[in-house]
2 protein chains.
Amino acid sequence: MTEIERKLDSNGIRPTAMRILIYKYMAEKNNALALTDVEQAFLKAERTTLYRTIKTFEEKGIVHQIDDGTGVLKYALCEPGCNCEIDRDLHLHFHCNSCDKTICLTQHKIPHINLPEGFMAEDANLVVKGICDSCSAY
Amino acid sequence: MTEIERKLDSNGIRPTAMRILIYKYMAEKNNALALTDVEQAFLKAERTTLYRTIKTFEEKGIVHQIDDGTGVLKYALCEPGCNCEIDRDLHLHFHCNSCDKTICLTQHKIPHINLPEGFMAEDANLVVKGICDSCSAY
DNA sequence: TTATTAATTGCACTTCTGTTGCATTGTTTA
DNA sequence: TAAACAATGCAACAGAAGTGCAATTAATAA
């Protein structure tokens, strides 16, 4: 049993060949992926399968969904330090306007926000846009 | 010339009957509206017209777009204090999980975020979700 | 005031993303 | 091994965003 299989198994996900491949692919990338990105990587596979695989990953808490404001939902593996199952995705995301990649800044948590009287926060989503480290190097 | 006509005119928008109506409608509401919301209010009008009108408002800087994470783009009039033309929408938005409305917290600016080395911020989007003041009153 | 020009609106249609239903295949377990 | 269940493939749908083009309306110049 490989490490990935163990990971999937311990999260209640049956480690099928497809799922292991998808997990592996997402782990290789260090940025958040859209469904279409995964599609491009697995041209032989069905879109629905990829879709449902990612949704399963999400439900089981090993992937979280990111809305980076591009209009396309992105997904990223929950790295150590990502507690999205517990306190709902409170790290922030960075979207690069140059290379168009979205990455998780797992270490950077959303600061506390003072809301007006009567408002109660349950969740928050912060996306910072700009130029990422790779792009600013040039 | 009414106040709305003057407002449109001074922003380089020809104040047609349709546009005045749409502006008036958006001004009445104190929450951000989706295209479908506006559609419901103007059943006789064409969707495209409403769409392009709002886009025109946005281009001319009297409306800003909000991605509240519901998957549907919302739009709100720029109130005094909204400088979205200048520094890109740096106030935050609140989405109520109960009544499903999204409102601009124009007074509440997004706090400064320290990014890792090499990252440069140009824009930011913060959506807080929870229960709004109206809903929490019950 | 009319003719010309430009902007706005209405209609039809397309694209993209996300999603579901159902039959089929594969996997587990009694 | 057979029954039960989960995963996959295929087809199709839904909703929102967006475009092209013709028709209409408004602005401007003659």
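Naming: A, B, ... by sequence-line order, numbering from 1 per chain. Scope of the values below: all heavy atoms of this structure, side chains included, with no hydrogens, waters or symmetry mates.
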### Query
Expressed in angstrom and rounded to an integer, what is the separation of B:Glu5 atom CD from D:dA26 atom P?
12 Å
#### Entry: For atom CG of B:Asp68 and atom P of D:dA16, their distance in whole Å
13 Å
### Message
Rounded at 0.5 Å granularity, tell me how far CG in A:Leu126 sits from NE2 in A:His108.
### Response
11.0 Å
### A:Leu50 side, atom CG; A:Gln40 side, atom CD - distance, nearest 0.5 Å
10.5 Å
### Closest-nucleotide ordering on DNA chain D, the 5'-leading residue of B:Val72 and B:Arg14
B:Val72
### Message
Under 4.0 Å, heavy atoms only, any strand: does B:Thr16 hit a base, just the sugar-phosphate, or nothing?
### Response
sugar-phosphate
### Query
In residues 52-59 of chain B, which residues come under 4.0 Å of DNA chain D by heavy atom?
B:Arg52, B:Lys55
#### Entry: Proximity to the side chain of B:Thr48 - top-ranked nucleotide from D:dG20, D:dA26, D:dG9
D:dG20
### Summary
Terminal axes of the helix from C:dT1-D:dA30 to C:dA30-D:dT1 (5 end pairs apiece), angle rounded to 10 degrees, sit apart by 20°
### Step-by-step side chain to side chain contact (heavy atoms under 4.5 Å, CB included) determination, B:Asn31 to B:Leu33
CA-CA 6 Å; B:Asn31 57 295; B:Leu33 299 169; 4.2 Å; yes
#### Entry: With B:Glu58 via salt bridge (charged side-chain N to carboxylate O under 4.0 Å, His left out) - residues at least two apart
B:Lys55
### Query
What residues, two or more places apart in sequence or in another chain, satisfy side chain to side chain donor-acceptor pair (under 3.5 Å) together with A:Thr53?
none
### Task
Tell me whether the centres of the aromatic rings in B:Phe42 and B:Tyr25 are closer together than 6.0 Å.
yes
### Query
Around atom NZ of B:Lys129, are there more than 12 heavy atoms of other residues, nucleotides or ligands at under 6.0 Å?
yes
### Task
Take the protein atom CD1 of A:Ile13 and the nucleotide atom C1' of D:dT8, then report the distance between them rounded to whole Å.
16 Å
### Query
Between OG1 of A:Thr56 and CZ of A:Arg14, what distance do you get to the nearest 0.5 Å?
11.5 Å
### Query
Taking only side-chain nitrogens and oxygens of B:Tyr51, does any of them come within less than 4.0 Å of OP1 or OP2 of D:dA17?
no
### Boundaries of the DNA chain C segment in contact with chain B, non-hydrogen, under 4.0 Å
C:dA7 to C:dA12
### Query
Would one find more than 12 heavy atoms of other residues, nucleotides or ligands at under 6.0 Å from atom NZ of B:Lys101?
no
### Query
Distance from A:Leu77 atom CG to A:His64 atom NE2, nearest 0.5 Å?
9.0 Å
### Message
How long is the straight-line distance from CG of B:Asn11 back to CD of B:Glu59, given to the nearest 0.5 Å?
### Response
12.5 Å
### Summary
Ordered by number, residues from residues 36-47 of chain B within less than 4.0 Å of DNA chain D (heavy atoms) are B:Thr36, B:Arg47
### Query
Cluster question for you: counting only ILVMFWY and a side-chain heavy-atom cut-off of under 4.5 Å, with indirect links fine, are B:Leu21 and B:Tyr75 together?
yes
### Task
Over 60° means perpendicular and under 30° means parallel, so classify the ring planes of B:Tyr23 and B:Phe57, tilted if in between.
perpendicular
